[in-house]
Asker: 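Below are the structure tokens for one structure; questions will follow.
Bear in mind the structure is a predicted one, so any value in this text is a computation, not a measurement. When reading the values below, keep in mind they use all heavy atoms of this one structure, side chains included, and skip hydrogens, waters and symmetry mates.
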Amino acid sequence: MAYELGPQTLISLVAAADLSANQYYVVKMNSAGDVLLHDDNDEQFPLGVLQNAPASGETASVLVAGVTKVVAGTSFNPQNLLAAVDSTGKVSNVIAGNYVIGQPITASGADGDIVTALVSFAAPYDG
């Protein structure tokens, strides 16, 4: 069962789009300083994990460091490193060229699973 654990580092920004269906997905910041779903294909840095479900223009609570729930894009085990690798903000195993964002604490069996991960977005590095 996925869980969250404090302390956590959270920031609040404005949702640039409707993110009401994207709680626990990885987000990025656009040039206006607002939050959108992360898309690793555009080579922008991931910002954090969305903790709430804001509509466009509402406040987005974004976890930038700590233990949190995340939505998996594939299956993986706790010894793997995680990256935000698809256009929907889900997490997966790191492959060359992905930004490493953390490590899973619980395993994922399939796309869409909600799992627990230790994440830090302060200085994501290219895996």
Side-chain angles (χ1 to χ4, degrees):
M1 181 171 162
Y3 59 90
E4 298 169 311
L5 185 65
Q8 299 173 326
T9 303
L10 301 167
I11 60 174
S12 295
L13 299 167
V14 175
D18 182 6
L19 300 175
S20 60
N22 300 114
Q23 185 176 23
Y24 306 125
Y25 285 66
V26 177
V27 293
K28 65 180 180 182
M29 192 170 15
N30 66 14
S31 61
D34 298 331
V35 175
L36 294 169
L37 281 180
H38 183 262
D39 179 354
D40 194 59
N41 296 324
D42 65 11
E43 298 181 2
Q44 291 183 348
F45 290 113
L47 175 67
V49 177
L50 186 65
Q51 298 298 292
N52 62 344
S56 182
E58 293 182 346
T59 300
S61 179
V62 180
L63 181 136
V64 295
V67 175
T68 184
K69 296 176 184 177
V70 293
V71 178
T74 61
S75 61
F76 50 76
N77 293 314
Q79 77 272 16
N80 299 127
L81 293 176
L82 291 179
V85 296
D86 68 18
S87 61
T88 64
K90 296 177 185 176
V91 300
S92 187
N93 295 324
V94 171
I95 57 174
N98 297 146
Y99 287 110
V100 176
I101 61 165
Q103 184 172 7
I105 295 174
T106 58
S108 166
D111 179 25
D113 281 356
I114 297 176
V115 300
T116 302
L118 171 62
V119 297
S120 176
F121 291 86
Y125 68 92
D126 194 351

Asker: Check for a donor-acceptor pair, side chain of D18 on one end and backbone N or O of S20 on the other, with a separation under 3.5 Å.
Answerer: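 Yes; at least one donor-acceptor contact below 3.5 Å.
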Asker: State the CG-CG distance between L50 and N22, to the nearest 0.5 angstrom.
Answerer: 7.0 Å
Asker: Please answer: with hydrophobic residues joined when any side-chain heavy atoms are less than 4.5 Å apart, are L37 and I114 in the same cluster?
Answerer: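 Shared cluster, yes.
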Asker: How long is the gap from CD1 on I11 to CZ on F121, to the nearest 0.5 Å?
Answerer: 10.5 Å
Asker: From Q23 CD over to K69 NZ, what is the distance, rounded to the nearest 0.5 angstrom?
Answerer: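 Taking CD in Q23 and NZ in K69, the distance rounds to 7.5 Å.
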Asker: Would you name the heavy atoms of A16 and S56 that are closest together and state the gap between them?
Answerer: O-OG, 3.7 Å
Asker: Same cluster or not: are L10 and V26 linked, directly or through other Ile, Leu, Val, Met, Phe, Trp or Tyr residues, by side-chain heavy atoms under 4.5 angstrom apart?
Answerer: yes
Asker: Do V119 and T68 come close enough that some side-chain heavy atom pair is under 4.5 Å?
Answerer: yes
Asker: Give a yes or no on whether M29 and V14 share a hydrophobic cluster (residues Ile, Leu, Val, Met, Phe, Trp, Tyr; joining criterion: side-chain heavy atoms under 4.5 Å apart).
Answerer: no
Asker: Run the side chain to side chain contact (heavy atoms under 4.5 Å, CB included) test on Q51 and Y24 for me, step by step, so that the C-alpha distance in whole Å, both residues' side-chain angles and the decisive distance to 0.1 Å come before the verdict.
Answerer: CA-CA 6 Å; Q51 298 298 292; Y24 306 125; 4.1 Å; yes
Asker: In the structure I gave you, are the side-chain heavy atoms of K90 and Y25 within less than 4.5 Å of one another anywhere?
Answerer: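 Yes, their side chains come closer than 4.5 Å.
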Asker: Side-chain contact test, heavy atoms from C-beta onward, threshold under 4.5 Å: evaluate it for L13 versus D34 and give yes or no.
Answerer: no
Asker: Which heavy atom of F76 sits nearest to which heavy atom of V115, and what is that distance?
Answerer: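 Residues F76 and V115, closest heavy atoms: CZ-CG2, 3.8 Å.
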Asker: Looking only at non-hydrogen atoms, find the nearest pair between A15 and A55 and report the distance.
Answerer: CB-O, 3.5 Å
Asker: Side chains of V62 and V35: does their closest heavy-atom pair fall under 4.5 Å?
Answerer: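 Yes, side chains in contact.
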Asker: Do Y99 and V94 make a side-chain contact, defined as non-hydrogen atoms from C-beta onward lying under 4.5 Å apart?
Answerer: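 No, too far: nothing below the 4.5 Å cut-off.
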Asker: Supply the atom-to-atom distance N52 CG to L19 CG, rounded to the nearest 0.5 angstrom.
Answerer: 8.5 Å
Asker: Check whether any side-chain heavy atom of I101 sits under 4.5 Å from a side-chain heavy atom of V91, and report yes or no.
Answerer: yes
Asker: Compare every heavy atom of S12 with every heavy atom of T59, then report the nearest pair and how far apart it is.
Answerer: CG2-CB, 3.8 Å
Asker: Would you check if H38 and P46 make a side-chain contact, meaning some heavy-atom pair closer than 4.5 Å?
Answerer: yes
Asker: Considering non-hydrogen atoms only, spot the tightest contact between V67 and L63 and give its length.
Answerer: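 Between these two residues, the closest heavy atoms are O-CD1, 4.4 Å.
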Asker: Using every non-hydrogen atom in the two residues, find where N93 and S75 come nearest and quote the distance to one decimal.
Answerer: ND2-O, 3.7 Å
Asker: Any chance you could lay out the side chain to side chain contact (heavy atoms under 4.5 Å, CB included) test for V27 and V49, step after step, and finish with the verdict?
Answerer: CA-CA 6 Å; V27 293; V49 177; over 6 Å; no
Asker: Under 3.5 Å, is there a donor-acceptor pair between the T74 and S92 side chains?
Answerer: yes
